[in-house]
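One structure below.
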Number of protein chains: 2
Amino acid sequence: MNASERRQEIIELLNMNSTVLVCDLSKKYDVSEVTIRTDLRLLEKQGVLTRFHGGATKIIDNDDIKSFKELQLEERYQRFIEAKKRIALEAVKQVKEGDIIILDSGSTTMLIAEELVKLKHITVITNSLTSAFILSDNSDIMLLICGGTLRHKTRSFHGKIAEQSLDGISADILFVGADGIDAQRGITTFNEGYTISSVMANVAKKVVAVLDSSKFGRNGINIVLPLNKLDVIITDTSVDSKYKQEFEKQGINLIAV
Amino acid sequence: MNASERRQEIIELLNMNSTVLVCDLSKKYDVSEVTIRTDLRLLEKQGVLTRFHGGATKIIDNDDIKSFKELQLEERYQRFIEAKKRIALEAVKQVKEGDIIILDSGSTTMLIAEELVKLKHITVITNSLTSAFILSDNSDIMLLICGGTLRHKTRSFHGKIAEQSLDGISADILFVGADGIDAQRGITTFNEGYTISSVMANVAKKVVAVLDSSKFGRNGINIVLPLNKLDVIITDTSVDSKYKQEFEKQGINLIAV
DNA sequence: GGCGTCTTTCACTTGCATTCATAATATTTC
DNA sequence: GAAATATTATGAATGCAAGTGAAAGACGCC
């Protein structure tokens with residue numbers, strides 16, 4: 001056993017347990033404590049660990065998220081972000097361990113991804129490149145992505161291939177976003193060709209629409225899903241109370257947070 | 001036994017056991033320790049091993065995707081990244097406007113994505129989540145992603161669904177990375193189940209392997225592609241000239257940059 | 001023989017781990 | 001809470017193993 005091997009092992013030990021002790025290491029490698037201390041001092045200089053009296057502890061740094069922060073800065077994501085965050089927090093309450101979740105593209109669903117990444121033992125299927133990237137940080141989450149061609153405006157995948165990749169899948173819950181909601185037309189969008197949402201709805205046991213209050217009474221050009229496909233709508237408290245009555249009459253649970 | 005033969009054997013020894021000792025090698029080859037040290041110094045310059053007091057250890061640069069921060073932390077990877085960048089620059093020279101490009105996962109191919117994103121009017125098909133994210137910045141690039149389940153270690157998609165999504169596709173060029181290359185076994189990897197690469201190779205008119213010189217003569221556990229599938233190999237100038245002859249004899253164009 | 005490559009010898013430097021003395025930091029005790 | 005005691009840290013000095021560079025020798029090759 002040479003010096004660099006020993007140091008490498010100390011790093012690995014630190015990854016297993018979060019602390020190591022000088023006296024333990026000294027016995028383990030049969031070298032003097034002084035030697036261990038020089039090792040630890042060296043590794044501290046390299047930024048691998050922090051020293052404390054009698055031992056050392058692991059440094060955990062998580063700077064990689066920065067690039068996603070930049071993404072959030074895009075102004076369309078900035079609007080109503082506080083409301084959307086509350087909606088996302090409420091949405092993940094619907095999820096339990098072991099669930100298979102389908103996540104549509106959109107700014108609110110992206111925030112849901114940021115909450116979902118904190119969980120474990122769930123399966124997420126998404127057509128959103130951004131959400132996929134966020135979720136890929138957690139190896140306790142099984143991640144499936146719909147293939148197909150990228151729609152740059154929304155950084156999501158659509159088209160025949162994307163829809164085909166949902167074939168034979170059965171999910172517990174679908175989170176779907178939209179640009180507008182209306183008692184007659186259901187949830188709508190200004191972008192064309194969001195037929196994938198209806199495919200998603202067909203394979204999910206429970207459909208949850210997430211949209212902030214500004215979307216109510218607004219009508220997009222394209223129908224994404226008719227109201228009868230929805231089970232739950234989560235929105236913010238600024239929503240007009242008349243909508244709550246209207247939707248609950250149709251058997252949809254409207255949650256305002 | 002001449003010098004280069006001995007050095008080749010040292011590399012092979014390192015692939016078997018992960019470390020070698022100067023005194024052992026000195027006895028084994030009946031040369032002075034000084035000679036062995038010069039051998040090891042030379043091989044270190046080539047990026048095949050790292051020296052430590054009394055011996056040397058194998059460099060494990062399995063071509064997994066790491067963030068640049070991680071790469072910079074381990075200074076032993078630093079010299080590879082310069083070579084890999086040059087390789088990536090050379091690789092994109094093979095691309096012309098209108099091309100349909102398949103991009104495998106891996107750190108070198110990720111650097112190719114960073115070059116490709118500067119182009120326009122190309123189509124890129126990839127199974128790498130990271131590369132997809134990089135390429136999604138440019139709306140002049142048509143981006144197709146292979147669906148399927150995510151392999152967290154490499155942030156890429158593999159399995160049946162990923163392979164099926166290549167069905168019916170015809171591409172002009174494939175860029176494929178690897179952990180090792182060998183005249184007998186072709187290109188290999190330490191990770192299991194990279195069968196998608198051969199599917200990619202089957203639908204591409206031209207197959208370009210990108211790997212730095214340290215991968216030559218090294219053998220991964222799993223065969224990715226046999227040599228007869230390759231058209232071009234791009235590597236760095238530290239590659240042993242004997243490989244150039246060997247591969248060109250088999251009709252493969254080896255470019256060293 | 002003259003040239004180049006490889007290898008060795010030799011003097012010197014660097015790196016690693018130990019001991020010992022001293023300083024800093026916990027812990028105990030009153 | 002402060003003094004006494006025990007534990008841990010640091011720095012300098014030492015010895016030894018290993019590494020380096022320069023010069024000289026060995027070997028093969030026109």
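Each chain gets a letter, A, B and so on, in the order the sequences are listed, and its residues count up from 1.
- For B:Asp30 and A:Ser32, each mapped to the nucleotide of DNA chain C holding its nearest heavy atom, the one lying further toward the 5' end belongs to B:Asp30.
- With B:Glu44 contributing its side chain and B:Arg51 its backbone, the two residues share a donor-acceptor pair below 3.5 Å.
- We find that CZ of B:Phe52 is positioned 12 Å from C1' of D:dA18, with the value rounded to whole Å.
- Out of C:dT8, D:dG19, C:dA26, the shortest distance to the side chain of A:His53 is found at C:dA26.
- For B:Asn228, the CG atom counts as densely surrounded, since its 6.0 Å shell holds more than 12 non-hydrogen atoms of other residues, nucleotides or ligands.
- The side chain of A:Thr35 contributes an N or O atom lying less than 4.0 Å from OP1 or OP2 of C:dT18.
- Crowding of A:Asp30 atom CG: a count of heavy atoms from other residues, nucleotides or ligands under 6.0 Å not exceeding 12.
- Put simply, CG on A:Asp24 is 15 Å from C1' on D:dT7, counting in whole angstrom units.
- Of the candidate nucleotides C:dT7, C:dA17, D:dG19, D:dG19 has the atom lying nearest to any side-chain atom of B:Val22.
- Between B:Glu90 and B:Arg86, none of the side-chain N atoms (NZ, or NE/NH1/NH2) sits under 4.0 Å from a carboxylate O, so this pair counts as no salt bridge.
- Not one side-chain nitrogen or oxygen of B:Arg6 sits closer than 4.0 Å to the OP1 or OP2 atom of C:dC6.
- At the heavy-atom level, B:Tyr29 lies nowhere under 4.0 Å from the strands shown.
- Closest contact between the side chain of B:Val34 and the listed nucleotides C:dC10, C:dT25, C:dT19 involves C:dC10.
- You'll find that the side chain of B:Arg7 is closest to C:dT7, out of C:dT18, D:dG19, C:dT7.
- Between the side chains of B:Ser136 and A:Arg155, at least one donor N or O sits under 3.5 Å from an acceptor N or O.
- B:Ser213 and B:Asp236 share a side-chain donor-acceptor pair at under 3.5 Å.
- Closest approach to the B:Ala3 side chain among C:dC6, C:dT8, C:dT18 is made by C:dC6 (side chain taken as heavy atoms from C-beta onward).
- For the residue pair A:Lys118/A:Asn138, the side-chain donor-acceptor check at 3.5 Å is not satisfied.
- A heavy atom closer than 4.0 Å to some atom of DNA chain D occurs in B:Arg37, B:Arg41, these being the qualifying members of residues 36-43 of chain B.
- Put simply, CG on B:Leu25 is 14 Å from C1' on D:dA18, counting in whole angstrom units.
- Between the CD atom of B:Glu33 and the P atom of D:dT20 there is a distance of 12 Å, given to the nearest Å.
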